[in-house]
Number of protein chains: 2
Amino acid sequence: MRETVSADNRPYHHGDLRRALIDAARRLLERDGPSALSLRAVAREAGVSPAAPYHHFKDKGELLDAVAHEGWDMLNQAMGKARAEAKSLGDRMVALGVAYVCFARDNPSLYRVMYDGSRDKDDLPEHARRQDDSAYFHVRDTLVEAGADPNDEISLELATSAAWCAAHGLAEMASFKLFDHLKDAVGGEEAFFRGILSHMRVFADQPPK
Amino acid sequence: MRETVSADNRPYHHGDLRRALIDAARRLLERDGPSALSLRAVAREAGVSPAAPYHHFKDKGELLDAVAHEGWDMLNQAMGKARAEAKSLGDRMVALGVAYVCFARDNPSLYRVMYDGSRDKDDLPEHARRQDDSAYFHVRDTLVEAGADPNDEISLELATSAAWCAAHGLAEMASFKLFDHLKDAVGGEEAFFRGILSHMRVFADQPPK
DNA sequence: AAGGCATCTTGACAATGCTTAGATTTGTCC
DNA sequence: GGACAAATCTAAGCATTGTCAAGATGCCTT
């Protein structure tokens, strides 16, 4: 019978094991953290044999890449939302930075997988910076809106990169206890994020240069 | 016979296996990267049985901690040197930042171990921020030298933390190919580091606020 | 000299990533 | 409609890993 699923051409045995494996991996990630994420555990969680994933992913790294891919999509979306909802034009950059750091705080395991250095990635994934609605371009375009010269490509990329570095650094540091008393002193975690980011010229109201 | 450290066979017990294991680990790290650093490989490199390390370290994590400890010492030292050798007082903060990023660039595997999140570390290690000659205090004291109010503890810690976040973020990003053309455009890698750091108010000539 | 103790080895266990061979289902072509 | 090829899954196995329990080995103190 060529019953199958309407538009999808993927429902052979299991239905859609590839999808199920990614979901299982993300479930395990949230529940037990990155160190507990073994390929066999994912297969177990999805209810298939330990070798089944190899028909959908070349190796464990490719599964992780697929999971990371969805993480980048979520980040792009969160950044787009923050940009759209920012009160004032001058607040947009900070709103983007806070959104970035909050995403990392709310999805710590996923964030780790996205930047996992154990897989050989000599660059950020394409969809983090190429597409028009990518996080990178949200930052870049917002800098232009804030007054940066769109023709000075180098300066613009430098500023965008600086913002990205600052946000990433803060995202990785924010979980350390070292900062707990600072968070309290400035009135909460988000205020702390803003306090740190405000030390970066790119996140100030005035455009760089 | 207490001599017998001759060329071929292993000595009586072993002179200082703990030391030898740390050295072997660092050798493997530099040669094959962090993913190749297994406890058994370290034992093999040191010429002992796979279970020998357990008489000197509780588990693999404790070996890694010892390796990271030496990494932090090296970082502290590099920061101290950069601070001492900085041409002008206004250049000190940037010199510290560049020294930090260069350390990460020159010891990428070691740097990863120092920040490795797989081990349960809810904070930076003590010696990275407590001792008077720690990297953290080098940054803090330099900010005061540059004019920051030493009595406003909160602002001072915020600024120090901001500098640390920025440097760490840049250190982790700098290896991505994404930045290669920027490095070329601004005239080399160190110039790129300075270019990124100059977007952070804490690294500017004037003290924050 | 003798026992005590730290150190190191042997052997083992469970878990992991991955491969090969075989089984089962599905789609396609005549 | 039926045979054949391809896709999907399982079973079994290999090499490697972290860790532990027992036993061997050499050093030190008494």
Side-chain angles (χ1 to χ4, degrees), chain A residues 1-25 28-29 31-68 113 116-120, chain B residues 1-6 8-25 28-29 31-67 113 116-120:
Chain A
M1 308 303 259
R2 52 188 10 258
E3 180 62 9
T4 76
V5 174
S6 53
D8 215 325
N9 58 345
R10 217 22 11 150
Y12 292 113
H13 279 61
H14 180 281
D16 189 353
L17 183 54
R18 185 191 154 87
R19 180 71 259 149
L21 287 171
I22 297 178
D23 290 340
L28 282 182
L29 258 188
R31 191 196 307 155
D32 305 320
S35 62
L37 193 82
S38 71
L39 233 194
R40 296 175 100 105
V42 172
R44 217 175 297 137
E45 171 82 14
V48 294
S49 81
Y54 286 91
H55 293 268
H56 300 271
F57 302 98
K58 180 174 147 291
D59 54 12
K60 183 184 178 182
E62 232 179 42
L63 207 210
L64 274 284
D65 285 342
V67 171
V113 171
D116 180 18
S118 68
R119 283 169 285 150
D120 294 331
Chain B
M1 306 318 184
R2 48 176 40 211
E3 288 293 320
T4 68
V5 191
S6 43
D8 63 303
N9 246 352
R10 52 216 109 144
Y12 32 98
H13 269 295
H14 194 292
D16 186 354
L17 184 55
R18 184 190 154 87
R19 182 70 257 151
L21 287 171
I22 296 177
D23 290 341
L28 282 182
L29 260 188
R31 191 195 307 154
D32 305 320
S35 61
L37 193 80
S38 70
L39 234 194
R40 296 176 101 106
V42 172
R44 216 175 298 138
E45 171 83 13
V48 294
S49 81
Y54 285 90
H55 294 269
H56 300 270
F57 302 98
K58 180 176 145 289
D59 55 13
K60 184 185 178 183
E62 232 179 41
L63 206 209
L64 273 284
D65 285 341
V67 171
V113 172
D116 180 19
S118 66
R119 283 168 286 150
D120 294 330

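Residue numbers start from 1 in every chain, and the chains themselves are labelled A, B, ... in the order their sequence lines are given, proteins ahead of strands.
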Who passes salt bridge (charged side-chain N to carboxylate O under 4.0 Å, His left out) against Asp23(A), sequence neighbours left out?
Arg19(A)

Let me know the distance between CZ of Phe57(A) and P of dC9(D), rounded to the nearest Å.
12 Å

Does dC8(C) have OP1 or OP2 under 4.0 Å away from a side-chain N or O of His56(B)?
yes

Nearest heavy atoms of Ala43(B) and Leu21(B), plus distance in Å
CA-CD2, 4.4 Å

Rounded at 0.5 Å granularity, tell me how far OG in Ser49(A) sits from CZ in Arg40(A).
9.5 Å

For the pair made of CG in Leu17(B) and P in dT25(D), what is the distance, rounded to whole Å?
19 Å

Contact list please: residues 34-42 of chain A against DNA chain C, heavy atoms, distance less than 4.0 Å, in numerical order.
Ser38(A), Leu39(A), Arg40(A)

With a 4.0 Å cutoff (strictly under), does any side-chain N or O of His55(A) reach OP1 or OP2 of dT10(D)?
no

Nearest 0.5 angstrom please: Ser38(B) OG to Glu45(B) CD, how far?
11.0 Å

Which nucleotide in dG17(C), dT20(C), dT19(D) has an atom nearest any side-chain atom of Lys60(B):
dT19(D)

If you round to the nearest 0.5 Å, how far is CG of Leu37(B) from CZ of Arg31(B)?
11.0 Å

Closest to the 5' end of DNA chain D, once Ala51(B) and Pro50(A) are matched to their nearest nucleotides, is Pro50(A)

Does a side-chain N or O from Arg44(A) land closer than 4.0 Å to OP1 or OP2 of dA15(C), or not?
no

